[in-house]
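Since the model is a prediction, treat every value here as computed from it, not as a measurement. Numbers restart at 1 for each chain; the letters A, B, ... are given by sequence-line order, proteins then strands.
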Amino acid sequence: MLYKIIFMGTPDLAAECLKALASVSRPFSPKSSWEIIAVLSQPDKPKGRKLRLQPTPVKNIALQFGIPCFQPEKLRTPETLELLQKLAPDLIIVAAYGKILPQPLLDLPRYGCLNIHTSLLPLYRGAAPIQWAIIDGKSTTGVTLMKMNAGLDTGDILAVSSTPIEDKDNAQTLHDRLAQIGGELLIKTLPDYLSGNIIPTPQSEAKATYARKITKEDGRIHWTMSARQLDSLIRGLTPWPGTYCLLTEGDKKILLKILKAEPLSLTENQNDNYLKNSSNTPSAPPPGTILRAENDELWIACGEGILRILELQREGKKPLPTRQFISGTSLTIGTQLE
RNA sequence: CGCGGGGUGGAGCAGUUGGUAGCUCGCCAGGCUCAUAACCUGGAGGUCAGUGGUUCAAGUCCAUUCCCCGCAA
């Protein structure tokens, strides 16, 4: 039996899964194997400073493996549906495609449509599960393979694979790991699914949470948050869209990106002492105050605790480690960031 | 031609109306110290991104090329 598969996806994560899937060429049982007969990806979009058109990561992989790649503007057209009907897939696999699949498409393949989602469903349904898991300070996340239905990431679960979120993980490192795990989970689960050895498990609606899309505004640092929360926020939004605050310089406010930081690990007591001693005011300095700026140490007062900045970037300039940033910029203790 | 910032010793920056190129680090040597990533003294290291032009004189003004980055996507 040769299973004809259509793969739908767009960004790096999907490209990694496609690569895994396409690399397994040998039959998974004496009489069975699969073939990716076509790939669907979003239309190329302008990127970069010059707004040049660039192929999607999935398209690149498709080209590399010589798989036909289609990039329809819309799925809900007779033409697109007809195209897919002619391809007559036995199975469709979707990974971060970027569009909702209409019901006729979900019903088209004999084995349905499977989706790879980078969270432990029913947690973090939606667009940005990786980021939100980090931002929320979760200790574990993972990848879920599920059978798609009309809802948003609401389908029955076929398999999961989990991974711990390390203190040093950011959205990039976690993404890369989940992409690899996702690919492995896919090629490991698919044979069992196709031979009917897996019974899909419904998700618990009561436990479901939603991971809404990230915007640039989410990267605005609010110093009233705790140092720990800000650390999670920074890691969750790295490398995109990044976090930033504003520094007043003369009569201008310049954008300051915070690329890397960590909560200062002092005891509560030391913390309090520093907060009191470093300020001219009798009470603790308000959140956003620079408490220390020398060598590798750049300390900012937060709503709770102190954030130690490790790497930052001012607008128009390159990213710099704290030490080098300080050597060229005069940062006065007591200055307020906003 | 989407808007904007910038390319100055090894790193990061300053350089005012054109007139001897500075600062914070780093590096090298010496000193202080029980010791040091701390402190003191001295030192090396730059055809100021490239090219052309204006001028008695250009890092600075004009033109142009290359490269980096923020916004926007």
Quick one: look up who [N] pairs with, Watson-Crick or G-U, both distances under 3.5 Å, and put none if it's unpaired.
| N | result |
| --- | --- |
| B/U60 | none |
| B/A11 | B/U24 |
| B/U41 | B/A29 |
| B/U36 | none |
| B/C3 | B/G70 |
| B/A49 | B/U65 |

Donor-acceptor under 3.5 Å (A/Thr238 side chain, A/Gly242 main chain):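 Side chain of A/Thr238 to backbone of A/Gly242, a donor-acceptor pair under 3.5 Å: no, none is there.
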Can you check the [X] [atom1] to [N] [atom2] distance for me, whole Å?
| X | N | atom1 | atom2 | answer |
| --- | --- | --- | --- | --- |
| A/Lys253 | B/C71 | NZ | P | 18 Å |
| A/Leu246 | B/C71 | CG | P | 12 Å |
| A/Arg220 | B/C71 | CZ | P | 14 Å |
| A/Arg323 | B/C27 | CZ | P | 9 Å |
| A/Glu297 | B/U24 | CD | P | 21 Å |
| A/Gln42 | B/A73 | CD | P | 17 Å |

A/Gln172 side chain to A/Asp176 side chain, donor-acceptor N/O pair below 3.5 angstrom: yes
Polar contact flag, side-chain donor to acceptor under 3.5 angstrom, A/Gln336-A/Thr289: yes
Work out how far the [atom1] atom of [N] is from that of [M], and round it to whole angstrom.
| N | M | atom1 | result |
| --- | --- | --- | --- |
| B/C71 | B/U60 | P | 30 Å |
| B/G15 | B/G9 | C1' | 15 Å |
| B/A21 | B/U16 | C1' | 14 Å |
| B/A14 | B/G59 | C1' | 12 Å |
| B/C62 | B/U17 | P | 13 Å |
| B/C69 | B/C39 | P | 35 Å |
| B/C48 | B/U41 | P | 31 Å |
| B/G31 | B/U36 | P | 12 Å |

Phosphate OP1/OP2 of B/A72 contacted by A/Lys45 side-chain N/O (<4.0 Å): no
Pi-cation contact, A/Trp299 with A/Arg292 (under 6.0 Å, within 45°):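 Judged by the rule, A/Arg292 and A/Trp299 form a cation-pi pair.
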Sequence neighbours excluded, every pair satisfying salt bridge (Lys or Arg N to Asp or Glu O under 4.0 Å) that has a member inside residues 313-334 of chain A: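 Passing the test, one end in residues 313-334 of chain A: A/Glu249-A/Arg314, A/Asp296-A/Arg323.
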Could you list the donor-acceptor pairs under 3.5 angstrom formed between side-chain atoms of residues 76-90 of chain A and any protein atom two or more places apart in sequence or on another chain?
unit_1, atom_1, unit_2, atom_2, d
A/Thr77, OG1, A/Thr80, N, 3.2
A/Thr77, OG1, A/Thr80, OG1, 2.8
A/Thr80, OG1, A/Lys74, O, 2.9
A/Asp90, OD1, A/Arg110, NH2, 3.3
A/Asp90, OD2, A/Lys4, N, 2.7

Electrostatic pair A/Asp231-A/Lys260, nearest N-O below 4.0 angstrom: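 Salt bridge flag = no for A/Lys260 with A/Asp231.
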Salt bridge A/Arg235-A/Asp169, side-chain N to carboxylate O under 4.0 Å: no
Closest-nucleotide ordering on RNA chain B, the 5'-leading residue of A/Pro319 and A/Asn295: A/Asn295
Reading 5' to 3' through nucleotides 8-16 of chain B, protein heavy-atom contacts under 4.0 Å coded B for base, S for sugar-phosphate only, - for none: ---SBS---
